[in-house]
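Notes follow once the structure below has been shown.
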Amino acid sequence: MNDIVVEARGVVKNFGALNVLKGIDLTIARGDVTCIIGPSGSGKSTFLRCINQLETLDGGYILVEGEPIGVKVKNGRVHLQSNAEVARSRANIGMVFQSFNLFPHMTVLENICEAPLRVKKESRSIVKNRALKLLDRVGLSSKAGSYPASLSGGQQQRVAIARALAMEPRLMLFDEPTSALDPELVGEVLDVMRGLAEGGMTMIVVTHEMGFAREVGDHLIFMDDGYVVEHGNPRTVLESPQHHRTQQFLAKVL
Amino acid sequence: MSSINTPTDELTQDDAVDRSLLLERPRQLHIARWITAGIVLFLVFVVAHSLITNPRFEWDVVFGWFASERLFTGLLRTLQLTIISMVVGIVIGVALALARLSKNIVVAAVASFFIWLFRGVPVFVQLLFWGFIAAIYPRIIIGVPFGPEFFSVDANTLITPFLAAILGLGLNEGAYMSEIVRAGLISVHRGQTEAANALGMRNLTVLRRIVLPQAMKIIIPPTGNQTISMLKTTSLVSVLAFPELLYSAQLVYSANFKTIPLLIAASLWYLLMTSILSIGQYFIERHYNRGSGRPVPKWDRERVINAFRIRNRTQETSK
């Protein structure tokens with residue numbers, strides 16, 4: 001049981017009359033890198049956002065580290081989590097966004113230190129030390145005092161990864177981390193993610209980078225129209241897809 | 001390919017343009033700029049001449065009263081009113097802005113009604129209402145509505161002219177500030193809140209650490225304007241017989257009939273104070289612009305010289 005980081009059963013999400021997720025079942029083991037591919041509008045980003053409650057579920061449930069997301073069970077009844085409880089469970093899940101979302105009024109170092117200082121209330125010297133190590137790990141030691149606006153897209157995304165790692169998460173979610181980048185900057189971000197995967201981080205990556213999925217991914221999930229259509233070893237799925245919708249999608253993107 | 005850029009011996013040019021002349025830069029004289037500046041300076045001279053030579057300005061009286069203790073005391077009261085009303089206005093403005101953005105539609109609707117009311121009635125009229133509050137509520141009672149009273153006071157004792165002024169100016173300002181604050185809050189991209197939430201930050205922390213500092217860039221410039229405007233609007237309080245700067249001047253000239261010199265002396269104080277506020281605003285804007293790479297424009301010597309310097313065209317276009 002301890003080896004399961006994420007367990008999703010029958011996850012349903014509607015935006016008004018639009019059914020975005022129509023019952024997602026998924027189990028993710030510790031240390032695994034799971035890549036989710038699929039056409040736009042297939043619900044893959046929405047599913048990712050459900051895991052750290054940026055979206056609320058309309059059906060089904062998700063457990064992270066054995067703890068239900070968004071709800072708690074007390075005296076045999078289900079209750080909504082308080083805002084504090086939601087925030088606490090999010091603190092253990094790192095998220096990287098397509099549009100980086102760095103805080104523009106803070107330097108790179110301040111961006112990384114903010115959450116450990118404010119949320120975990122750790123001491124300034126410990127946090128700063130860890131932040132500098134993380135910056136070194138993503139190859140941006142020289143940019144600690146820079147503001148995000150002066151960095152390239154690839155550098156900003158590497159800072160965003162360092163910012164998420166500063167909270168020492170047990171799970172990292174990547175929502176199309178390279179989709180907003182110029183082609184020549186994609187590699188530097190994927191390199192950082194590859195290093196993270198080799199270090200044993202549990203990762204869920206919504207991506208269009210089939211090469212990354214093939215080389216780094218342990219599992220590949222193809223989503224379409226709110227369903228998980230195909231799930232398996234990345235090489236197997238990419239080279240001999242079973243379902244005709246997977247075949248159609250891969251024929252277009254490969 | 002080289003024939004396009006430089007004429008070569010093989011290809012002859014059949015136009016009559018002398019290429020060597022094109023390498024020179026023609027001079028730009030700014031003739032229209034100099035003539036306009038001359039006309040404007042002449043008009044300034046005419047006005048200045050009349051200001052100095054017209055004896056009815058009585059400049060000696062103006063400066064005598066400008067430095068007087070009575071006007072200075074009035075000025076201090078004006079500054080006091082400005083600061084307190086702005087603080088009240090900003091606090092109410094932030095609260096109303098958050099209320100208007102609330103998911104609770106009752107809260108949002110009441111906030112909208114408040115803003116509609118206090119923006120729609122002239123502030124002068126509002127000040128009169130607060131001044132005459134005792135005619136509506138002769139006694140002000142603290143207690144449980146329809147229940148026991150804990151505390152009761154005569155409205156004329158509680159609502160002094162000063163408090164009436166603060167209420168009138170502050171509530172009116174709150175209605176305007178709420179729109180400024182709201183514009184600032186919604187200018188911050190939603191991704192900022194999501195990123196902060198994803199890091200485990202609570203809503204109040206997100207507001208205080210992430211959203212408000214970014215909204216400040218939008219909020220500060222109009223708030224500076226509001227403060228400058230408030231400094232001048234406090235003169236309306238003279239109608240409540242509260243001796244701020246204007247009413248202090250009025251008290252003097254009603255006794256000595258030096259109406260114009262005293263109004264000028266008061267105006268000079270207003271001008272001096274608004275100038276100081278403008279300088280303060282420049283530095284606050286610069287602080288909240290950090291990280292945006294967009295400097296606040298400067299009025300320096302270089303800009304003045306550049307506007308009139310005779311120079312060649314390459315420099316002009318490269319600027």
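Side-chain atoms are counted along with the backbone in the values below, which use heavy atoms only and exclude waters and symmetry mates. Proteins get letters first, then strands, A, B, ... in listed order; numbering begins at 1 in each.
Remark: A:K133 NZ is loosely packed, at most 12 non-hydrogen atoms of other residues, nucleotides or ligands lying under 6.0 Å away. Atom CD1 of B:I105 has 12 or fewer heavy atoms from other residues, nucleotides or ligands within 6.0 Å. Within 6.0 Å of NZ in A:K120 there are more than 12 heavy atoms belonging to other residues, nucleotides or ligands. The environment of NE2 in A:H79 is crowded: more than 12 heavy-atom neighbours from other residues, nucleotides or ligands sit within 6.0 Å.
The CE atom of A:M106 sits 4.0 Å away from atom CD1 of B:I210, with the distance rounded to the nearest 0.5 Å.
No part of A:L173 comes within reach of chain B, as not one of its non-hydrogen atoms sits under 4.5 angstrom from that chain. The part of A:F97 that comes within reach of chain B is its side chain, from C-beta onward, which places non-hydrogen atoms under 4.5 angstrom from that chain. With a threshold of 4.5 angstrom between heavy atoms, A:R163 approaches chain B through its backbone and through its side chain. Proximity to chain B is limited to the side chain of A:L54, based on heavy atoms less than 4.5 angstrom apart. For A:A84, the parts lying under 4.5 angstrom from a heavy atom of chain B are both the backbone and the side chain.
For the pair A:H105/B:M216, no side-chain contact is recorded, criterion being any heavy-atom separation below 4.5 Å from C-beta on. Within the 4.5 Å cutoff, the side chain of B:Q192 has heavy atoms near those of the A:P104 side chain. Considering only heavy atoms from C-beta on, A:R88 stays 4.5 Å or farther from B:R202 through its side chain.
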Would you sort out whether A:R90 and B:M201 count as a side-chain contact (heavy atoms from CB on, under 4.5 Å), showing the intermediate values? CA-CA 9 Å; A:R90 278 171 174 159; B:M201 288 190 214; over 6 Å; no
B:L199 vs A:R118, test: side-chain contact (heavy atoms from CB on, under 4.5 Å). Steps then yes/no. CA-CA 10 Å; B:L199 286 164; A:R118 304 278 156 188; over 6 Å; no
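For A:D58, the side-chain hydrogen bond (donor to acceptor under 3.5 Å, both in side chains) test picks out no residue, with sequence neighbours left out.
By number of non-hydrogen pairs under 4.5 angstrom with chain A, the leading residue of B:N197, B:V188, B:N203 is B:N197.
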